Amino acid sequence: MPRQQLSRSDKSKPETRTRPGQSKPTPKKKKKKITGKRVFWTLFIVAALGVFCALAGYMFIMVSGEKIYQQNINKLAINGPTQIFDRNGTLIQERSVRTGDPVKYDEIPKLLVDAFVATEDRRFFEHQGVDIWSIGRAAVRDIVARSAVEGGSTITQQLAKNVFLNDDKTFFRKATELSIALAIERKMTKEEIITTYLNRIFFGKGAYGIKEASETYFGVTDLNKLKVWQIATLAGLPKAPSRYNPQSNPDLSKERRGVVLQLMADQGYITQAEAKEAAAVDYAYNSQNKDKDKNYEAFIEYAMQEAEDVTGLTSDDLNRGGYKIYTTMDAKAQQNLETSFKNNELFEKSADDVPVQGSMVIVNNDTAGIVALLGGRNYNTGNFSRVTSRRQPGSAFKPIISYAPALESGTFTPNSLLSNEKQCFGNYCPTNLHGYTSTVTMDEAIQDSINIPAVWTLNQIGIDKGLSFAKSVGFSLTDQDRNLALALGGLSTGTNTLEMAQAYRTFADGGTYTPAYAVKSIVDSGGDEIYKNKADSSQVMSKQTANEMTQMLQDVVNDGTGKRAQINRPVAGKTGTTQHGIDGFRSSANRDAWFVGYTKEWTAAVWMGYDKPDRTHLLNQSSGMAAAMFAAVMGPSLEGYPVQQFEAPTPSAPVEQPVEEEPEPEVSAVTGMSASYDKDNQVVALSWKALANASSYTVYRKGSTDGQFTAISSGLSDTSAQDSAAAPGQTYEYYVTATMKDGSQSDASDTVQITVDEATETPVEPEENSEDGVVPPEGEPTTPPTGEEVPGTDTGTGTDQGTGTTPTDPNTDQGTVPPDTGTTPPDSGTNSGQNGATTPTTPEPTTPGTTTDPAAGTTEGTTTAPQTTTPPTTP
């Protein structure tokens, strides 16, 4: 068969064959040739895109800089210093970013301007805010030196950075700095820029502004009187104010001065001869000490912080804004407070160089304005302030949580009989330091700071009612506080002198609660009032309740635990103490001491204690010292005020008593006799019930080897006693008789018998296992006991009211006090109970089958569960 002829077109497309199931191959694409035209357009598009992005970035930076400039234009204004006034409108301090007054351009000598231009920005009067040549020159030198040896920032950029920006060294911050500098150049003249710069720049030693620096380093207030060497010294400071400070580093300062003088000579501002002469001068100025303690600084710092909070302005804004801040401070009271805190005689002497610290806040009863405050001894600017640090209040909290809400309930009066029998509330078994009786009146319970009645009363009205009342007078309590330990001051996070003064002021103001404040009003540099305090008051209790509480708290000061707070006018108040709570440490020393009290005019709260309590740093004295501080400050501060009496409560009709008293038959003998052996203290503890009309008691003992009973203690006024002479392995019998008020003798009580455990050993204190050895780790439950303060005649020895010593009862049980989680410097340990109170050291685990109560303590011979919040019983 003849071969088929292919046409030309067929020959150009040879036939491709594919096998069955095989896809048809794709023909290869022809590569495009790279032509000059194609390269041109590609480069054009890339360049155009780059230009567009650059323009967009530039516009963003420009708009951003303009926006920042406009929003903060007031920062460029050289306002006068912010002024702070006391309650009477008297100026007490001026504050400013610069401590010197601003100067005008025509007050600055030309050579001073030339020196800064020569040193910081030689082309200042030529560029528009950004000096491209300087940036390029700096970049070349940095590359050659392989480090940042020269900066390229202009004076305008430095002004933009110092006024508007923080110190974050990022590209965007630098770009923003450039944009703000350009905005400044568009809005201000060169003369205005250099003047603002010289008034703002920091020269070290706390000196802001050229005038203050001149006075600080040379004692020269007129800038035109500065010599060449002094001008060069000042011009050399901004590069490194601390390093080139002529007072602390005269040699480095002289070296830097020589560099500045040479730059000035090179640029024709001075001759080489003048530069040489000025470089040879030695700095010899003896500056006056401008860092003396400032009066009222503690109050002013608190007021400035409050001003920031209420206005939203920053500290920098307030300092440089030329504001007038009117405060509630009474200058006389603040000065007396500061003077008293410098008096070592008003503080317990420490065993070493760690001082007992303190805090005090005084509040005006009419306005709730803070009259005076101080957060520590020898307080200086920036020190830690204990005004808001948190510690356990102990018994000073009893009126707040138990007695005031009980009166407000309408079920109780000051004469209501409260249970004072030894008892447990579930698993919580608080104890009294000085024995028990069947009942006491509420007035007596507060006056003598007895524990059981406070807990019993809170249990009667309900914890929720107590919590609600405490919250209404400013305390931030949580569900962790929902236990009866609260009655003895066992707050989970503690409190502070500001909160306590604020709360007690409510009693003085007839039941009206108003948050305390320090700033009355703020006026800006234009004369407009931008803030005015508006008291947010609320009636949280009846006037009758407030007056009844005042009457009872007066008895505390007149006849009870607060005698050392007495001054020449009526005072009502309450003491409070918390024991150390250090596990295994047997001591009657205290952790915190309080007195919160008020006159008709002012309310004050005082706290004393160590920042870091440990075995060495505890208070051997009690709340009497805090009461004495109250008197030392309040007495002189109120001189000149007319003496005012408290308003007496309206006599109330008798109310049904929650304690039903059944008529008791006449008893001719002491009853309720009991005895137990305290292994830790190695004493036999005895107790019995009070006998009506008894004036004193006598305890009799007979040992197994004795032939008859003999009196071992007589003239006892309490219903408890201890026998420390009991020997191990012996059996003893005891009974008690009473001497009646008419001089007759009662019949003997029933006889009790007890055998002393032979295995008794003297306990060994555990070794310290931490640096302090005594403060429990934060968050771990501790068992700081709480106690009652001792009423009676104060001996003036610093011990708690009247006894000269704080007795310890080895038979008292110890409750538990919640850990002190306040803001007191590094210490996070627990505060324990009130003066000599009765709360346990670390509680032992509960016996199987026992119910765990969150506020449980331990009673003698009974094992109870540990609790996380321990009640500190305080006076």
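Being a predicted model, the structure only gives us computed values, none of them experimental.
In this structure, Glu647 pairs ionically with Lys543, as a charged nitrogen and a carboxylate oxygen lie closer than 4.0 Å. Between Lys187 and Glu192, none of the side-chain N atoms (NZ, or NE/NH1/NH2) sits under 4.0 Å from a carboxylate O, so this pair counts as no salt bridge.
The two residues Glu120 and Pro238 come nearest to each other via the heavy atoms OE2-CB, 4.3 Å. Closest non-hydrogen pair, Pro636 versus Ala631, comes out as CD-O, 3.8 Å. Taking each heavy atom of Glu297 and Gln93 in turn, the nearest pair found is OE1-NE2, 2.9 Å. Minimum heavy-atom separation, Ala298 to Leu373: O-CD1, 3.7 Å.
A distance below 6.0 Å separates the ring centres of Phe646 and Tyr598. Tyr302 and Phe299 have their aromatic ring centers separated by at least 6.0 angstrom.
A side-chain donor from one of Gln305 and Asp309 sits under 3.5 Å from a side-chain acceptor of the other. Side-chain contact check for Trp607 and Asn496: no donor-acceptor pair (N or O, by modelled atom type) lies under 3.5 Å. Side-chain atoms of Tyr285 and Gln230 include no donor-acceptor pair closer than 3.5 Å. Side-chain contact check for Gln544 and Ser542: no donor-acceptor pair (N or O, by modelled atom type) lies under 3.5 Å.
Take Gln645 and apply the side chain to side chain contact (heavy atoms under 4.5 Å, CB included) test, not counting sequence neighbours, and it matches Pro570, Val643.
More than 12 non-hydrogen atoms from other residues, nucleotides or ligands lie less than 6.0 angstrom from NZ of Lys471.
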